Structures are given as C-alpha cells and as structure tokens.
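Beneath this line is the structure, given in structure tokens, with notes to follow.
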Amino acid sequence: MAKGAYNPAEIEARWQDRWASDDLYRAVDFDESRPKWYALVMFPYTSGDLHVGHWFAYVGPDVHARYKRMRGNNVLFPFGFDAFGLPAENAAIKDGIQPAEFTRANMERMMVQLRTLGAAFDFSRKVDTSDPGYYRWTQWLFIQLFNKGLAYRAEAPVNWCPKDQTVLANEQVIDGRCDRCGTLVIKKELEQWFFKITDYADELLNFDGLDWPQPVVTQQTNWIGRSEGCEVDFTALTTDGGQEKMGIFTTRPDTLFGVTFMVLAPEHPLVEKVTTKEQRTEVEAYVEQARNETEIERQSTEHEKTGVFTGGYAVNPLNDERVPIWVADYVLMTYGTGAIMAVPAHDERDFEFAKKFGLPIRQVISPTGQPTELEEAYTGEGVLINSGRFDGLTTPQPALAEVCNYVRAQGWGEPSIAYRLRDWLISRQRYWGAPIPIVYCGEHGAVPVPDEQLPVLLPETDDFKPQGESPLAAVKEYVETTCPVCGKPARRDTDTMDTFVDSSWYYLRYTSPNEETAAFDRLAVDFWMPVDQYMGGVEHAILHLLYSRFFVKALRDCGLLSINEPFVRLRNQGMIVYGSGKMSKSKGNVMAPDQMVKSHGADSVRLYMLFIAPWSDGGMWTESGIDGTRRFLNGVHYLVTSTYPKDATAAIGTPEERELVRLTHQTIRACTQDIEAFEFNTYVSSLMKLRNALQDVHATELARSVEYRRAIDALLQLMAPAAPHLAEELWSATGHEYSVHQQPWPQHDESLAAVDEFELVVQVNGKVRDRLMIPVGTDEDHVRHTVLSRPRVSDLLDGKSPRKIIYVPGKVFSIVV
RNA sequence: GCGGGAGUGGCGAAAUCGGUAACCGCGAUGGUCUCAAACACCAUUGGGUGCAAGCCCUUGAGGGUUCGAGUCCCUCCUCCCGCACCA
C-alpha cells in the first residue's frame, strides 16, 4: 500500500480527468430500468467568476445528486448559463468588449472552476441562453404564446429606469428603485409586450402536490394577492349633464352606507368627464404631477396623502346620496377598477384623507351597536348602524353576504375578485437579449416571424449605449425587413425579451439540449419532467419560480407539455454573506474559492462548505475552519493508507468490535437521513465521528479485524458524495473496483445499530442526581429496585418514600418526593 | 403596518416524542516532538464554587403547563428576510 502524505492537488487532477473521459455523470435518456431523478440547480448569470456563494449553493445539491446516483437512480444533473442580460452589456459599454465575447470567456472560466471543484454535473447537456440554437426556441415559444393569445402588445404606464434606459418588470423594482443599478424608477407610457400571466392567477395559487418551503408558497400567494369582494356601480354625474357608470371594487360592501366621497386614480378616464371648469386647472396640474412621480414617492406610506377635488359628484346606489369625487394618487389605476368608494370611518387610508381635507366621516359599524367616538378608522368586527335595512346585522358575517346579495339582486353590481398580480411585461430596450420575433407591417400589423426564418439573429454592432430605445433600432439592416404576409417593406420590433423569459424554460431544454427541430424533444421532456428536486436561492421566490410555473401551464395549454408544474420539490439554500452583505460582483465583496482549493484541495473546501453552516441557513463567510476538514481528510488518508487490513477475514468478537460495528451502522443511518433532509453539516459531523472512532482503535488488535475493514469501506462510500476525489483514490488504493461513485449506497442494519445498554439518568425532584448503565430490555421492577438501592439515591430520599415515579426506558428515571 | 424566519459557549453550531444542553469542528491554554517555528499528536476548555466527592447557575427577557421545557402555551424585546396606500 502506498504510504505518504495526502496530496490533494495530484489526486484531484488525476480523477477529474478520468471521470471526464469516462463520462461518469452522463444521464441516460429513456432508461426505464432505474427510477429517473431530475436534480436541478438554478443556473447562474455569466457575470464573472463563481464565488463562494455560488459554490455553497452548488455543493449541497452535488452531494445530494451523487447520493441519489448511489441509491440507484438514473440522475440528470445538468448545468448551464443564464447568459443574456445586463452584466454583459454593461461590460460592453464600460470596457468595449463584445457581450458575446464577455459571456463566452466567463462561461469557460466558470466551467473550469466547477471542474476543479469536482462537480458531478453532466456538462454534455450545457445550455447557454445566448446561443442562437437556444434563443431561436425562446423566440419560437414567444410566437406560440402569441398565437394562443397569451402574448399581447399594449400601451401601458411602465416602470422606466432612467439610468439603464429600459423598462422594468414590477418584480424588478425594489423599493421604487431599479434592482440592477438602484436608480429611482419613473413611470412612462409605452407600447410594450406582455405575457398574460393573470389568466393563470387562480391556478398559480394552487400548490397541491408540491413540496415547497412554506415561505416561498406564502410569498407567491401574497404576490398574486387574491381578494374577494364586490364590484359596485356608482353613477358619476358628468359635467355635460349626463350620467356614467363608475364601477368600484370593494372587499367591504358592508360599509357601503359609510361612503362619504369617491376617489379616482389620476390616470382614470372618468377624471376628465367629471372635472368641472373651476377645478380643471388644479386637477390637470395634479394629474401631471402624479405622472412624473417616481414609484418610491408615489408608493411610500410615509408620503402624506395628497389629492384634489374634481368638482364632480357620484351617486351611491344604496342610499341615493350624492358624494364628491376626488382624484388622489393613493388610488392605483392598475388595481381593481382604478376607482374607490371612500369609507373613512372604516378604512385607515380614507380616514387619513378625510381628516386632511375635512371630509365627513360616518360610522356604520360599531363594536357595541351604539355610535362611538372614532379616533381612528375602526376596521374590526361589530354591528351595522346607519345602514338602513341592514342595521343590526353583525359583520363580517352575515353582513358581507347580505349586502353583496342585495347589490346583485338590484343589478348594481356583482361579486368579484381582484388580484395584485399584473401581466408580465417582457419588452426590454436593451441589446443583449433574445430579439422579439415580430414584424410590423402597415397593412397586417404585428406579424410573427415564420418558423423557417428563426432565429432572428442579434445584429452585430459596436454601439450598445441605450438612447431611450433599443440599440437594435440603430441598426438599419436589422430594422428594415419585409412583411412575412405580403412581402411589402416592414419594420422589426427592436426590443429584446426579459432574461426571465430565457430562464422560464431552460429546464425543459436540458432534456434534449441539442434538439434542432424543436424547443425540446417531447419524448425526452415526458421522460425527465417534472424536475424532482430544484435547488436555489429564495431571492427567486416570486420572479423566476412564478414565471416558470406560468410557462409550464401556458405551454401545456399550447399542447406542448403534459405536466402542470415544473418543480415538484424545492429547497432553498441560505445566503453566504461577507463584509457588506450578500456577495455580488457589483458590491466588490466577492470571495473566490480558487485559492483555498489550491492550498487545501477541492475535497477540503467542499467539506468545509458543507460543514460550516446548515445549507438552508447560510451564514457569514470565514476561512477560519478550513483546517478542520483538512485535518479530517489527512486523518482518513493516514488511516486507510497505513492501517487498512486488506486481508482480514475474521471477526475477533470483542466488545470493542461490537461497538465499532454499531457505530458503523449508526453512521450509515445518520448520513442517509441527513443527506435526504439537506442537513449536510451533521452529515459531515457523522463522518468525523466514525473517523475519530477508527483513529482511537487503529493501533489495537481490532484494526486487524474484518469489521475494522468494513468500517473503513463504509466510511469511504459514505464520504464519496462529499469528498469524491479522496474517496475514489482510497477506494482504489484498497483494491476495490472502480468507481466508488458507482457503488450502491451502504445499507444499515437496524439490529446492528441498536444499543444493548444505555445510560439511565436518575432525576430526583426534576434534577439529575445519578446515572447508571442499564441493559436494554431490563424489566421495570428490576430497574426500579436497582435505582432505589443506589446509595446516592437513598441518601437523597433520606428515608422518605417516593410520591411518584416515572420511568422512560432508554431515557430517564424520575422520582418525585 | 402586514406576512415569514431566527435568537444556545470566545466563534460556526448540535440536540427523534417534551427526557443527560452544548455532539462535531474552529479558536484558546498546557504538554510531547523540534536548535526554533510550523505541522502532527496528547490533555483541558459554558460560568461560578470547592482540596475533593459534589453543589449552584446557564439556551434573548419575564410568566405558565409538567415529575421534567432550548423544545409546548402566554406577554415582551432584538435581529434578518419578503410585501408595503392593493380599496
């Protein structure tokens, strides 16, 4: 047996080459002999090197996928790159590098890093969203959605980032700022493409059959924001002496008698029709001001309520009362009907508004049934008062239902449901993305590019600076084309798609990444999908995960898929923070693992990242513990190369040997449970315990027994997912068949793992007073006799007889005096 | 404000059902080895007290249930994350 020091650099390079040339991690399509297992990590942006945050996110899933393979699954564990997007384009603007070049260099760099870290990804299925072979199908899928009526073009007030000069999705506006550059976002009216995600609002609220972390489910549910209520038609009195329907949405129809004024969103079309001559100047100024407000100014709750009276009135159908109509920016055009009934007595915002502008407040709900003094809006339950025929009803029920039924019976409105979720705006006025495959013809309007003309290739250019419209608009040869229908001159859409469109279907592409005649091979998708285990950061709880769920449902309705959900089981890793917070290139606090790999080896780094913190929690990055995992591997290397009893055939039958067998089986059980549960820190801890036990006996007679050898074999197999290189090296050095990664996962024997003796804790009046060893299965009377005859116990009892005794076998003997 | 998660040694952390709090590591201290340092190995390491056997205290704070609470219940504090004028 080769002795000598553990030299990770040499071992790791050697096995990485061997695994690559043997295609050890290749997934097998249509192999029905083993259960399939599709394990997926969220693919990274190609913004630069992989940092320790990335690696922390990937090493746990890598262990889990390797474990699944040893458990006999046919594992698909692919990797790819979310390669379109702003980082490449910003680098192009800043450093003059072509985005494609920037992306390609980063991709190669990241692949090398992943290989040196020993990741078990199937790189033969690499997906690159910026490759024309990929985005051709992104475009094709866009057209399928368009043909199905799920992609549409509309003028809309959109979020506009003045610095990046692009439109943003609602999901990309964080605290009123652009989530890329932090600039305050403003509103702008533009013709844009939308995906009709709102058609799926109710279906997206259904998480049946999904094993997802509760916080993600909650976030998506809140984001979709379903509210049940009632739409009620008030009558607006227009300035020309006419009447117009003024629909409002309310979740509180029980407060309809408390309406003392109405509020329109500044963008509401009725504003113009109800504003009187006297008020016109003031209203127009206000509307103009609201339009120019940044999101953060407008949406802040600290922002004091503003608004102006239109001079116009509306009639409440329930009591025929005339109430004034105001315009205020706290009412949003994009929610409900863009108009509200204001009930200051029972709504905090209306209350604040009424106080500020001296509007009447009428109480219609009282906790006591009698009018009370209102210091603030009363939103609790109670009894209806001042409500005509509904006086005396308790609310919420039955008042809500009764009023709603009455409104409906009178033909004044309908029960209705409002959602916070808006349609997904996907147009981006940027260069580095998939071009929107639409041509505008004077005669035929928006026409999709025919399949045979796909992909619509990104044109080459050197000018990436956005000027309020996409850089593509400046490329004449690109823009000018002909109409696919009539052949007359036409113009291309010059926008590109949101990169979240690219990432909404990449997991489908992995199943058949080289398919040239379709977005994906239907048989391959049916074989592999859905993803059994998806792993990534919680920051994608609403963006990517909601979009992907929508995509699968939409493609299903296009007849392209037969599944309803993309990801069955979801697990989120915690965040690794360093210095100023989450690691990111833009923050300049990036820590790359490469140097640690050089000094300690990939296996040590892997183990360290698994060990440092629970995978789902993350934590503060520090290198101070890396020596511990390195010492562990040194120790394993020493034990195996110096003490492995290759030819041992006999057991020696000592208690120490039984103890070692027991620990081995307990370790198998613990490691299995921990990996299943994504608790990798305790998994590594179990490996260390087994190694420590072997270390303790390695110089004794026991180290020449077959059980000692079996314990080492088990240790190597159990550590193979975490420290793949050293496990392989030592597996081979001990004369086993290549490869340790193709061995079946060890099975524990419950009877061998069971203890035959336990330490019984004796408590007197709740305090631990004694401990003694008791053989398993000793009957209670015997235990009782043994415990009570202990000198320590009888001293404490001091002649008194126990009032109560509780005996929990295996655990505790509790005496109450 | 609403929703979610978390508070345990000097540090990262562990703890099936409510049953020995602090496993496994890092660091620290002492020792062996060395000319010396590093490495490695051995020992100690929550706090207090005692010569010792031991005793007392300790899981953000306070209360409760229980023979027994890090774990369950109530009140409160702090931190992190998400949403935030959604009618």
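Values below: every heavy atom of this structure, side chains too, minus hydrogens, waters and symmetry copies. All chains are named by letter (A, B, ...) in the order of the sequence lines, taking the proteins before the strands, and each is independently numbered beginning at 1. Given the structure is predicted, the values throughout are model-derived calculations rather than measurements.
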Geometric cation-pi criterion, [X] with [Y]: 6.0 Å, 45°:
| X | Y | result |
| --- | --- | --- |
| Arg606(A) | Phe680(A) | no |
| Lys305(A) | Phe353(A) | no |
| Arg422(A) | Trp223(A) | no |

Position toward the 5' end of RNA chain B (nearest nucleotide), Gln214(A) or Gln673(A):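 Whichever sits nearer the 5' end wins; that is Gln214(A).
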How do Thr622(A) and Gly225(A) order along RNA chain B: which one's closest nucleotide is nearer the 5' end?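 Here Thr622(A) is the residue nearer the 5' end.
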Would you indicate which nucleotide in [options] comes nearest to any side-chain atom of [X]?
| X | options | answer |
| --- | --- | --- |
| Arg769(A) | rA13(B), rC56(B), rA87(B) | rC56(B) |
| Phe249(A) | rA14(B), rA87(B), rC26(B) | rA87(B) |
| Lys767(A) | rC57(B), rC26(B), rC23(B) | rC57(B) |
| Pro614(A) | rA87(B), rG19(B), rA14(B) | rA14(B) |
| Val768(A) | rG3(B), rC85(B), rA21(B) | rA21(B) |
| Asp627(A) | rC85(B), rG27(B), rG19(B) | rG27(B) |
| Arg420(A) | rC83(B), rA15(B), rA87(B) | rC83(B) |
| Ile806(A) | rA87(B), rC67(B), rG12(B) | rC67(B) |
| Arg691(A) | rC41(B), rG19(B), rA87(B) | rC41(B) |
| Lys689(A) | rC23(B), rG3(B), rA84(B) | rC23(B) |

Test Asp202(A) against Arg226(A) for salt bridge (charged side-chain N to carboxylate O under 4.0 Å, His left out), laying out the working first. CA-CA 8 Å; Asp202(A) 276 320; Arg226(A) 184 182 201 269; 2.9 Å; yes
Please report the distance, rounded to the nearest Å, between [atom1] in [X] and [atom2] in [N].
| X | N | atom1 | atom2 | result |
| --- | --- | --- | --- | --- |
| Leu545(A) | rG82(B) | CG | C1' | 14 Å |
| His637(A) | rA40(B) | NE2 | C1' | 15 Å |
| Met688(A) | rC26(B) | CE | P | 7 Å |
| Phe351(A) | rG1(B) | CZ | P | 18 Å |
| Ile325(A) | rA87(B) | CD1 | P | 21 Å |
| Leu633(A) | rG25(B) | CG | C1' | 13 Å |
| Tyr807(A) | rG19(B) | OH | C1' | 13 Å |
| Asn681(A) | rU8(B) | CG | P | 16 Å |

Using the glycosidic torsion, which applies to rG9(B): syn (within 90° of 0) or anti (everything else)?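 That one's syn.
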How should the glycosidic conformation of rC17(B) be described, syn or anti, under the criterion that syn lies within 90° of 0?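 This nucleotide is in syn.
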Any side-chain N or O of [X] below 4.0 angstrom from OP1/OP2 of [N]?
| X | N | value |
| --- | --- | --- |
| Arg631(A) | rG25(B) | no |
| Ser227(A) | rA87(B) | yes |
| Asn692(A) | rG25(B) | yes |

Can you tell me the base-pairing partner of [N]? Count Watson-Crick or G-U wobble geometry only, both distances below 3.5 Å, and say none if there is no partner.
| N | result |
| --- | --- |
| rU34(B) | none |
| rC67(B) | rG19(B) |
| rU75(B) | rA61(B) |
| rG82(B) | rC2(B) |
| rG27(B) | rU45(B) |

Could you tell me whether Glu381(A) atom CD has more than 12 heavy atoms of other residues or ligands within 6.0 Å of it?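 No, not enclosed.
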May I ask you to check whether over 12 heavy atoms, not counting those of Gln214(A), lie within 6.0 Å of atom CD?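 Enclosed.
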Quantified in whole Å, what is the [atom1] atom distance between nucleotide [N] and nucleotide [M]?
| N | M | atom1 | answer |
| --- | --- | --- | --- |
| rG50(B) | rG27(B) | P | 32 Å |
| rA21(B) | rU16(B) | C1' | 16 Å |
| rA69(B) | rC57(B) | P | 12 Å |
| rG60(B) | rG68(B) | C1' | 23 Å |
| rG4(B) | rA84(B) | C1' | 14 Å |
| rC74(B) | rA6(B) | P | 16 Å |
| rA14(B) | rG9(B) | P | 13 Å |
| rU59(B) | rC72(B) | P | 15 Å |

Pair Tyr330(A), Asp350(A): side-chain N/O donor-acceptor within cut-off below 3.5 Å: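 Judged by distance alone, the side chains do pair up.
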Just to be sure I understand the rule, does [X] reach a base, reach only the sugar-phosphate, or reach nothing, if contact means heavy atoms closer than 4.0 Å?
| X | answer |
| --- | --- |
| Asp350(A) | nothing |
| Gly766(A) | sugar-phosphate |
| Glu348(A) | nothing |
| Arg803(A) | nothing |
| Val816(A) | sugar-phosphate |
| Asp617(A) | nothing |

What about Gln763(A): does its side chain form a donor-acceptor pair under 3.5 Å with the base of rG19(B)?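 Side chain to base: pair present.
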Can you tell me whether the side chain of Ser814(A) and the base of rC67(B) have a donor-acceptor pair closer than 3.5 Å?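 Per atom types, the contact qualifies.
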Which atoms form the tightest heavy-atom contact between Val271(A) and Pro266(A), and what is the distance?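 Taking every non-hydrogen atom into account, CG2-O, 4.0 Å.
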Least distance between heavy atoms, Ile197(A) atom then Asp423(A) atom: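 Minimum heavy-atom contact is N-OD1, 3.2 Å.
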